[in-house]
Protein chains: 2
Amino acid sequence: MSRSDITRRLKRHGVAATPQRVEIAKILLDRPQHLSADQILERLRQEGSAVSKATVYNTMHLFAEKGLVREVNVDPSRTFFDSTTRPHHHFFNIDTGELSDIPDDHVGLQHLPLLPEGTDLDSVEVLVRVRNK
Amino acid sequence: MSRSDITRRLKRHGVAATPQRVEIAKILLDRPQHLSADQILERLRQEGSAVSKATVYNTMHLFAEKGLVREVNVDPSRTFFDSTTRPHHHFFNIDTGELSDIPDDHVGLQHLPLLPEGTDLDSVEVLVRVRNK
DNA sequence: CTCCCGGATGAGAACGGTTTTCGTTTATAC
DNA sequence: GTATAAACGAAAACCGTTCTCATCCGGGAG
């Protein structure tokens, strides 16, 4: 994805395309993946970028708010940021800590349960925990 | 649940029934509920108990390992301990932070997805996020 | 082109839930 | 009763995340 594609995409979501945000977006939004803040920071460093930790967190929260990424809370030790924003489900490997998408979206609920009194639906997520053979 | 019922239950799961563990079990295992470590500590204090934070965490990990409780990771800010150990699903109210069981266990998957290469199934969890109307 | 202003950035401190450390206490074995 | 191990707990350490606040930057006004 070219820099100008990214810039356009950020703007379309109401996000000003600063150099740091474009660098982060280039890494995370490039393809379907799940990265923690540290992993993003690590990749930035690999490319010689000096974006700060504070900016990575600020940016991820902004992206999440604007619908460019989703936060995934599966591993209690860290938050993953998911570049796929449409509803989908996950595998979580409890041995490796790896998170991956469940490819076939036929995976759905048989019935949607009756929601608790006074609440509206936000999202439905299926998590399939697996371990190494 | 009486003290001796609890003692018996702990022993059945291979857990030595120390006074502190029995006190914690009395609070959490009494009925289906989801409590954080702080909430357990708070209730202990209400009853005049002086069990330490370290022991609450040690005990919860031991209970989880021995199948007396399940850890639920939904709220990135804290771990909930669930006294219901059979497979079931959850509502999470993103406004209040409350976690509750989905009562009707007809909620299941239409298909179990093909697991990633080299992995075995551990568990399947459905999380329905709701917000206040 | 320059000035101004508000948003963005970043270094480091603060925060808070969880884990670890390690000395003391308690239970168990003999 | 003594030895040995397990459990407990106070406090420090840990670590991912958030906050603070001084500085930087960029776009619009003039």
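Lettering of chains follows the sequences in order, A, B, ..., and the numbering in each one begins at 1.
- For dC8(D), one of the phosphate oxygens OP1 or OP2 lies less than 4.0 angstrom from a side-chain nitrogen or oxygen of Thr18(B).
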(message) Run Leu99(A) and Phe91(A) through side chain to side chain contact (heavy atoms under 4.5 Å, CB included) and show every step you take.
(response) CA-CA 6 Å; Leu99(A) 189 64; Phe91(A) 289 116; over 6 Å; no
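- Bracketed by its first and final contacts, the part of DNA chain C lying under 4.0 Å from non-hydrogen atoms of chain B reaches from dG17(C) to dT20(C) in 5' to 3' order.
- The nearest heavy atom of DNA chain C to Lys53(A) and to Arg78(B) marks one nucleotide each, and the one closer to the 5' end goes with Lys53(A).
- Distance CG (Leu35(A)) to C1' (dG16(D)): 16 Å, rounded to an integer number of Å.
- Straight-line distance from the CZ atom of Phe80(A) to the P atom of dG16(D): 12 Å, rounded to whole Å.
- Counting heavy atoms from C-beta outward, Asn73(A) and Val74(B) have side chains that stay 4.5 Å or more apart.
- Within the structure, every side-chain polar atom (N or O) of Ser52(B) is placed at least 4.0 Å from both OP1 and OP2 of dC8(D).
- Here Thr79(B) lies in heavy-atom contact (under 4.0 Å) with sugar-phosphate atoms only.
- Here Gln20(A) does not reach the OP1 or OP2 of dC25(D): none of its side-chain N or O atoms lies under 4.0 Å away.
- No more than 12 heavy-atom neighbours from other residues, nucleotides or ligands sit within 6.0 angstrom of CZ on Arg3(B).
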(request) Assess whether side-chain hydrogen bond (donor to acceptor under 3.5 Å, both in side chains) is satisfied between Gln33(A) and Ser83(A), documenting all intermediate values. (result) CA-CA 6 Å; Gln33(A) 59 185 328; Ser83(A) 59; 5.3 Å; no
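- A donor atom on one side chain and an acceptor atom on the other are not found under 3.5 Å apart for Asp38(B) and Ser36(B).
- The nearest whole Å value for the distance from the CG atom in Leu44(B) to the C1' atom in dC8(D) is 14 Å.
- Mapping Ala54(B) and Ser77(B) onto DNA chain C by nearest heavy atom places Ser77(B) closer to the 5' end of the strand.
- No hydrogens or angles considered: nothing links the side chains of Asn58(B) and Thr55(B) as a donor-acceptor pair under 3.5 Å.
- In this pair, His90(A) and His88(A) present their aromatic rings perpendicular. The plane angle is above 60°, beyond the 30 to 60° band.
- For Met60(A) and dG16(D), the CE to P distance is 17 Å, given to the nearest whole Å.
- Summarising the geometry, the separation between CG on Asn58(A) and P on dT17(D) is reported as 13 Å, rounded to the nearest angstrom.
- One interatomic measurement links the two molecules: CG of Leu62(A) to P of dT18(D), which rounds to 14 Å at whole-angstrom precision.
- Note on Arg21(B): a side-chain N or O is less than 4.0 Å away from OP1 or OP2 of dA7(D).
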